[in-house]
Asks: 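Quick one: structure below, then a few questions.
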Amino acid sequence: DVKVTQSSRYLVKRTGEKVFLECVQDMDHENMFWYRQDPGLGLRLIYFSYDVKMKEKGDIPEGYSVSREKKERFSLILESASTNQTSMYLCASSSPGSSGANVLTFGAGSRLTVL
Amino acid sequence: EDKVVQSPLSLVVHEGDTVTLNCSYEVTNFRSLLWYKQEKKAPTFLFMLTSSGIEKKSGRLSSILDKKELFSILNITATQTGDSAIYLCAVARGSTLGRLYFGRGTQLTVWP
């Protein structure tokens, strides 16, 4: 069964800490995405990547950075966590070509709490 | 600014009821509209719609797109408690490397 795996389901961090959220997919997908999901706001795109070492800003990139050193792995980094980054973080991937690029496969999510 | 609007934001029904979830959109260079179901974890793909008037069906779920009026509906007949979830509508634009624009979701609760 194809999968997108997020390394941590639940994390609790303190304000100012550096936080790494890891995402690995085993589908050989080119595109990978990081969304955050907050009640009443839906899913908002933070960053996405369409190739190794490539990245594009989404709608809310402030306070975040990403790394894509290998095709299967896409990391989200919070350089200095703040309480307003408490959220559910969802990683997703897809493959380009005809309509495939638009069908995202999601990971189970990482719920981050910043104290 | 591109927009995807879902309604209602929440809905409570009893088992056996039929529900209709709505999604309207205003995006440039529309390519496709997708529906996802999210229970406690990862959103799972339901349908992708690209053409007007062609109904997609899967069991008790069905969906249709109207590209002239810029909306889609998701119907669920004979609802069951297992249909309780957040239903997400998302729109893809052409040439945007696969990114989706999501609505806020509809929280559906089905009581036994």
Side-chain angles (χ1 to χ4, degrees), chain A residues 1-6 8-10 23 25 27 29-51 54-61 66 68 74 88-111, chain B residues 1-10 21-25 27 29-51 54 56 58 63 65 72 85-109:
Chain A
D1 199 15
V2 293
K3 280 198 308 194
V4 176
T5 303
Q6 294 184 230
S8 305
R9 288 298 310 277
Y10 301 95
C23 176
Q25 50 94 2
M27 296 168 282
H29 282 173
E30 284 80 2
N31 302 333
M32 296 189 74
F33 306 83
W34 275 106
Y35 286 87
R36 66 176 280 177
Q37 184 175 27
D38 300 288
L41 296 179
L43 273 71
R44 293 179 292 166
L45 182 64
I46 305 171
Y47 269 97
F48 65 106
S49 168
Y50 55 90
D51 202 351
M54 306 302 290
K55 61 183 179 183
E56 294 283 340
K57 291 181 180 179
D59 299 318
I60 50 165
V66 289
R68 185 133 184 238
F74 192 36
M88 169 70 85
Y89 290 88
L90 289 167
C91 176
S93 71
S94 70
S95 185
S98 67
S99 57
N102 301 138
V103 180
L104 304 187
T105 300
F106 283 89
S110 298
R111 184 167 294 281
Chain B
E1 183 180 310
D2 296 326
K3 280 197 304 188
V4 180
V5 179
Q6 292 185 245
S7 64
L9 293 181
S10 69
L21 310 184
N22 303 291
C23 178
S24 65
Y25 62 92
V27 299
N29 196 17
F30 172 87
R31 180 172 182 176
S32 59
L33 185 144
L34 296 90
W35 286 96
Y36 282 84
K37 176 183 181 182
Q38 184 181 23
E39 296 173 83
K40 295 294 184 186
K41 40 195 171 110
T44 54
F45 172 73
L46 294 174
F47 300 112
M48 181 168 68
L49 303 149
T50 56
S51 302
I54 298 174
K56 294 277 183 100
S58 177
S63 184
L65 174 68
S72 173
I86 298 173
Y87 289 84
L88 299 165
C89 171
V91 171
R93 296 168 57 201
S95 303
T96 53
L97 302 169
R99 69 165 291 178
L100 298 180
Y101 298 80
F102 282 87
R104 298 187 178 191
T106 294
Q107 173 73 64
L108 173 65
T109 303

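Chain A is the first sequence line, chain B the second, and so forth, proteins listed ahead of strands; every chain is numbered from 1. No experiment lies behind these values; they were computed from the predicted model shown.
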Asks: Quick check: closest heavy atoms across B/Ala42 and A/Phe106, and the distance to 0.1 Å?
Replies: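 So the two residues come closest at CB-O, 3.6 Å.
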
Asks: Could you tell me which residues satisfy ring-ring contact (aromatic ring centres under 6.0 Å, His included) with B/Phe47, sequence neighbours excluded, listed by chain and number?
Replies: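 Not a single residue meets the ring-ring contact (aromatic ring centres under 6.0 Å, His included) criterion with B/Phe47.
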
Asks: Does any heavy atom of chain B fall under 4.5 Å from the side chain of A/Gln37, the backbone, both, or neither of them?
Replies: side chain

Asks: Applying ring-ring contact (aromatic ring centres under 6.0 Å, His included), name anything that partners B/Tyr87, two or more places apart in sequence or on another chain.
Replies: none

Asks: Looking only at heavy atoms, what is the nearest atom pair of A/Arg9 and B/Lys40, with distance?
Replies: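 Of all heavy-atom pairs spanning A/Arg9 and B/Lys40, the closest is NH2-O, 4.3 Å.
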
Asks: Heavy-atom cut-off 4.5 Å, strictly under: side chain, backbone, both or neither for A/Leu43 against chain B?
Replies: both

Asks: Which region of B/Gln38, side chain (C-beta onward) or backbone (N, CA, C, O), has a non-hydrogen atom less than 4.5 Å from a non-hydrogen atom of chain A, or is it both or neither?
Replies: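 The side chain, not the backbone.
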
Asks: Taking the side chain from A/Tyr35 and the backbone from B/Phe102, do they hold a donor-acceptor pair closer than 3.5 Å?
Replies: no

Asks: Looking at B/Pro43, B/Ala90, B/Gly105, which has the largest count of heavy-atom pairs under 4.5 Å with chain A?
Replies: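 The candidate making the most pairs under 4.5 Å is B/Pro43.
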
Asks: Donor-acceptor check, side chain of B/Arg104 to backbone of A/Gly42, threshold 3.5 angstrom: yes or no?
Replies: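 Such a contact is absent between B/Arg104 side chain and A/Gly42 backbone.
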
Asks: Checking B/Leu9 against chain A: side chain, backbone, both or neither under 4.5 Å from a heavy atom?
Replies: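 No part of B/Leu9 comes within 4.5 Å of chain A.
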
Asks: Please report the closest heavy-atom contact between A/Phe33 and B/Arg99, naming both atoms and the distance.
Replies: CE2-CA, 3.5 Å

